[in-house]
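The next block holds one structure in the form of structure tokens; read it before the comments.
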Amino acid sequence: MKFPAEPFKIKVVERIQTTTRQIRERLLKEAGFNIFGIPAEFIYVDLLTDSGTSALSDNQWAGLMLGDESYAGSRNFYHLEKTVQDLTGYKYVIPTHQGRVAENLLFSILCSPGKIVPNNTHFDTTRANVKANGARALDLPVAEALDPALEHPFKGNMDVVALGEVLRKERANIPLVACTVTNNSAGGQPVSMENIRAISKLCRRYEVPFFLDSARYAENCYFIRERESGYRNKSVKEIAREMFSYTDGTWMSCKKDGLANIGGFIGLNDEELANRLKQKLILIEGFPHYGGLAGRDLEAVARGLVEAVDEDYLRYRTAQVRYLADSLDRGGVPIVKPAGGHAVFIDASHFAPHIPQSRFPAQALTVAFYREAGIRSVEIGSLMFAEKDPETGKMRYPGLELVRLAIPRRVYTTMHIHYVAESILKIFRKREKIRGLRIVYEAPILRHFTARMEEI
Ligand code: F0G
């Protein structure tokens, strides 16, 4: 087994209950075949998300006890500020309670109708926040990202030729260029330093601010170290400093590589923009020394950010994800290759080719994984992304129909991951029995969270 053992030992355990198939069958019906509607206590291995689901370390728990709940001037804010400055090099640090509030703040100031925000691939809340402010979210992934079976070290990259074109034609309408590291919606794939440098060069030439969506930047930097020439002897922290140095700012959901259950921030160098963000922050989140978080949460984030760049941790982390990917791949399950940093993505169109995109093949797999094995995964396909073309009225389907198995950080053991692999292989062997779905209720935006369906 090519798997480094966990670089930690377990001090506290949380019981998980097993369920019968009958119970799971009932819960699926009650939830309208939407996995978001299943109570977590009835899930055996929860791979819905790696966001906010990390296990805190003893060091973070100790930090929680040192929470200073002062409205202004909390020592935990100063600790967080210094930690972020040290990791990123940005001057200004504005805490928010999670990533999407940072997006909301930034885009409500920078975006307006007619504007365009290019990104390698927008995450769903990022896209929704761009749109909610009247602007257009433009995805510019490299062509390699659209071929799930293709092995390529940096499938998260942005198509810089296309970016150059857009900047040349639309410069006046582009308030910022973003890049998501790692590229969550395109398989958790990393972006190379070379690509970030090239984006930065273009942004500087056209004088457009360049921001990173850095939710999983530590995993991205670890991949740069592993895969990009010239970085083997650099520390992850040094790589991160270099990466941030090419940009003007970042927003981060600290629920991922902050190893925290809640938290986020915006980091940037532009004083005037920082002041505008802080004014708006007071309106929607709170004073700039806590940004919607308790002092103890600020402390957990500050400590988690440092633990997340530890190389023993990152080696184990990426190897655990790769172990799941390799086990599935060996059994013939079609997955996005190579393994991402935080998740394994199953290519549902090839897993269940008998289900057309209009019947949500990826969602159908999430139902099968829960029904058969109590595993919760998430759809990243038509339920999340298909939309009506406003001009033709026809449905536009996404290029990829994926199921994400996102692995919480420091939570599950190798044996849990092994159980997941074995269960999915078993389902794969009888895949022709999986049934498609039809929607019976949907909300106007972000419908995948609350849609109700029935099996066909
Ligand atoms: N950006 C990226 C790349 C994300 O993956 C997420 C969240 C956000 C921004 C928003 O951050 O949740 O703190 O408000 N991703 C989670 C996921 C929800 O499951 O991938 P948030």
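Read the numbers this way: they start at 1 and go in the same order the structure lists the ligands and their atoms.
Using a 4.5 Å heavy-atom threshold, the side chains of Arg317 and His342 count as touching.
Ligand 1 is never approached by His342 to a heavy-atom distance shorter than 4.0 Å.
A side-chain contact (heavy atoms from CB on, under 4.5 Å) with Trp251 is found for exactly one of Thr126, Leu268, Asn104, namely Thr126.
The shortest N or O to N or O distance between Gly99 and ligand 1 is under 3.5 Å. Note: no N/O pair closer than 3.5 Å links Trp251 and ligand 1 by distance alone.
Closest protein heavy atom to atom 8 (C) of ligand 1: Phe123 CD2, 3.7 Å. When only non-hydrogen protein atoms are considered, atom 9 (C) of ligand 1 lies nearest to Glu103 OE2, 3.1 Å. From the protein, the heavy atom lying nearest to atom 12 (O) of ligand 1 is Arg100 NH2, 2.9 Å. Given atom 7 (C) of ligand 1, the protein heavy atom at minimum distance is Lys256 NZ, 2.6 Å.
Surrounding CD of Glu372 are more than 12 heavy atoms belonging to other residues, nucleotides or ligands, all under 6.0 Å away.
Salt bridge annotation for Glu285-Lys280: absent, with no cationic side-chain nitrogen under 4.0 angstrom from a carboxylate oxygen. We find that Glu307 and Arg410 are joined by a salt bridge, their nearest charged nitrogen and carboxylate oxygen being less than 4.0 Å apart. Using a cut-off of 4.0 Å between Lys/Arg side-chain N and Asp/Glu carboxylate O, Lys237 and Glu311 are scored as not salt-bridged. A salt bridge is defined here as a Lys NZ or Arg NE, NH1 or NH2 lying under 4.0 Å from an Asp or Glu carboxylate O, and Lys155 with Asp147 fails to meet this definition. Look at Asp50 and Lys256 and you find no salt bridge, because none of the NZ, NE, NH1 or NH2 atoms lies under 4.0 Å from a carboxylate O.
In this model, no donor atom of one side chain and acceptor atom of the other lie less than 3.5 Å apart for Thr182 and Glu219.
In this comparison of Asp213, Asp124, Thr49, the heavy atom closest to atom 2 (C) of ligand 1 sits on Asp213. The closest heavy-atom contact to atom 20 (O) of ligand 1, among the options Gln98, Arg404, Lys255, His97, comes from Arg404.
Taking a cut-off of under 4.0 Å to the non-hydrogen atoms of Thr180, the atoms of ligand 1 that pass are 3 (C). Applying the 4.0 Å criterion to heavy atoms of Ser253 picks out, from ligand 1, the atoms 11 (O), 13 (O), 21 (P). Which parts of ligand 1 touch Arg216 is read off a 4.0 Å heavy-atom cut-off, strictly below it: atoms 3 (C), 4 (C), 5 (O), 17 (C), 20 (O). Interface atoms of ligand 1 facing Thr125, defined by a heavy-atom separation under 4.0 Å, are 8 (C), 10 (C).
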